[in-house]
Amino acid sequence: MNATNASNASSHPALAAADPELAALVGAEERLQAETLRLIPSENYASRAVLEASGTVLQNKYSEGYPGRRYYEGQQNIDQVETLAVERAKAVFGVDHANVQPYSGSPANLAVYLAFAEPGDTVMGMALPMGGHLTHGWGVSVTGRWFRGVQYGVRQDTGLIDFDEVRELALKERPKVIFCGGTALPRTIDFAAFAEIARESGAVLVADIAHIAGLIAGGAHPSPVPYADVISTTTHKTLRGPRGAMLMSREEHAKVLDKAVFPGLQGGPHNQTTAAIAVALREASQPSFREYAHAVVANAKALAEALLARGFDLVSGGTDNHLILMDLTPKNVPGKIAAKALDRAGIVVNYNTVPYDPRKPFDPSGIRIGTPSLTSRGLGTEHMAQVAEWIDRGVAAAGTSDEETLRTIRSEVATLLTAYPAPGLPT
Ligand code: DSN
């Protein structure tokens with residue numbers, strides 16, 4: 001549908017009156033998110049409460065500094081908002097210290113480097129094509145240009161991290177900082193093993209839990225808290241909050257991290273985001289969020305089983321968390337072709353490199369899928385065989401350019417989803 005013809009802009013009446021063109025685009029996006037099966041594992045549906053907090057007048061206020069220590073007056077309410085967010089983060093994750101000001105995951109990680117390393121120092125993380133993140137020292141990122149990034153991966157035969165290799169590299173290179181975590185890791189992260197290696201090599205261990213923060217909050221993935229010196233996370237993935245980030249640590253690192261975020265890296269915090277983080281953390285402290293986190297994992301496991309039964313090749317053979325990395329090489333359909341065809345079928349995934357991928361990152365062998373969004377809509381394990389069947393049919397149709405089948409799947413997907421309204425979207 002042409003965005004300018006979109007009809008339900010009335011869910012944002014002021015916007016519709018002031019800027020119909022933009023309001024129509026928002027309305028079109030709302031319908032797209034309602035009608036499609038969103039399988040990108042880093043995406044989710046934030047609640048209406050989180051969205052409302054994100055759109056408040058709190059955004060009108062400048063608040064450089066921290067509660068009780070600001071460089072601007074008029075912080076009577078903002079200080080309380082930030083303190084609420086901080087206290088809730090500390091309670092949900094069981095940490096001594098939380099900084100809720102990083103604008104997003106990449107600035108949060110950059111603040112960690114600023115706190116613990118000098119330009120030119122050696123830093124270590126998982127290579128991006130193996131499932132790591134750009135900011136874990138990968139070459140094209142500032143973290144790989146201003147620091148000397150050394151990178152570990154996973155074993156080709158198992159798709160799992162080889163801790164002997166990680167230890168050997170750490171002891172040889174003596175990095176200042178070791179990052180664990182990433183963006184395409186379908187298995188439980190062994191924080192204890194990383195902590196032992198960090199201790200042996202004299203490095204600061206940073207657990208980047210951006211993907212799994214909600215699973216940790218809900219008790220569906222082990223916590224890094226006893227092991228990591230610093231925990232970095234975004235707030236909008238499995239945690240289901242606004243686009244934002246947090247850094248958490250033991251008390252001993254509180255000062256250096258706070259100084260690195262402000263004034264080291266950032267100016268005024270985005271107070272409307274801080275408020276929405278507070279709301280999301282309140283939601284994450286409820287028993288229903290625990291159920292959600294476990295349901296995300298149960299759905300991913302059921303989906304992985306159903307895909308394996310259909311002959312798909314899954315990196316590491318399955319999943320322990322919310323994410324599945326599929327190598328489509330045996331299906332003879334490149335990841336990008338498959339992802340674009342599935343998009344036309346109303347199933348939104350992203351193409352992704354797989355470990356040791358012979359293809360280029362912009363045209364890789366795999367697709368990455370996950371269950372946070374569909375679980376937020378209330379889909380359960382009983383639906384995963386159908387989801388796998390759609391993916392199977394969609395990938396086959398991609399290989400034969402069968403647009404008719406893709407259209408049929410799109411309509412089947414939309415029909416199922418009408419019974420499972422998404423949180424946060426207008427009804
Ligand atoms: N872009 C995020 C993801 O999709 O995993 C990571 O920052």
Side-chain angles (χ1 to χ4, degrees), residues 33 36-46 102-113 123 125-144 149 151 153-154 159 179-189 206-216 221 230-247 265 273 277 280 296-297 300 314-316 319-326 335-336 338-340 342-343 347-355 357 361-362 364 366-376:
Q33 292 193 16
T36 54
L37 190 63
R38 299 171 63 236
L39 294 184
I40 292 175
S42 46
E43 294 182 350
N44 212 328
Y45 292 100
Y103 298 144
S104 202
S106 296
N109 287 347
L110 205 49
V112 173
Y113 290 104
V123 299
M126 178 176 262
L128 181 66
M130 293 282 180
H133 189 254
L134 276 168
T135 58
H136 297 181
W138 188 242
V140 297
S141 148
V142 64
T143 63
Q151 308 267 271
V154 293
F179 272 84
C180 62
T183 61
L185 305 178
R187 294 297 179 178
T188 300
I189 299 171
V206 186
D208 184 339
I209 62 166
H211 263 259
I212 53 174
L215 305 186
I216 292 169
H221 187 291
V230 177
I231 298 166
S232 166
T233 188
T234 51
T235 47
H236 47 272
K237 298 186 174 89
T238 48
L239 195 56
R240 245 174 15 186
R243 301 297 289 239
M246 306 192 292
L247 288 172
L265 191 66
T273 302
I277 289 174
V296 167
V297 175
L314 309 185
V315 172
S316 83
T319 183
D320 298 328
N321 53 31
H322 63 303
L323 180 151
I324 297 165
L325 187 56
M326 302 171 66
K336 193 171 184 172
K340 288 188 174 300
L342 288 170
D343 192 50
I347 298 174
V348 188
V349 308
N350 67 277
Y351 55 87
N352 216 94
T353 52
V354 296
D357 203 327
F362 202 59
I367 57 174
R368 188 183 68 148
I369 64 174
T371 52
S373 298
L374 64 76
T375 308
S376 289

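All ligand and atom numbering here is 1-based and tracks the order in the structure. Since the model is a prediction, treat every value here as computed from it, not as a measurement.
With sequence neighbours excluded, no residue forms a ring pair (Phe, Tyr, Trp, His ring centres under 6.0 Å) with Tyr45. Residues satisfying the salt bridge (charged side-chain N to carboxylate O under 4.0 Å, His left out) test with Arg38, not counting sequence neighbours, are Glu43. With sequence neighbours excluded, the residues forming a salt bridge (charged side-chain N to carboxylate O under 4.0 Å, His left out) with Arg187 are Asp320, listed by chain and number.
Classification of the His211-His322 ring pair by plane angle, with boundaries at 30° and 60°, yields tilted.
In this structure the side chain of Pro242 reaches within 4.5 angstrom of the side chain of Ile277, judged on heavy atoms.
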Table of N or O contacts for ligand 1, cutoff 3.5 Å:
unit_1, atom_1, unit_2, atom_2, d
ligand 1, 4 (O), Ser42, OG, 2.6
ligand 1, 4 (O), Arg368, NH2, 2.8
ligand 1, 5 (O), His211, NE2, 2.7
ligand 1, 5 (O), Arg368, NH1, 2.9
ligand 1, 7 (O), His133, NE2, 3.0

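For the side-chain contact (heavy atoms from CB on, under 4.5 Å) with Asn44, the qualifying choice from Lys237, Arg240, His236 is Arg240, the only one to do so.
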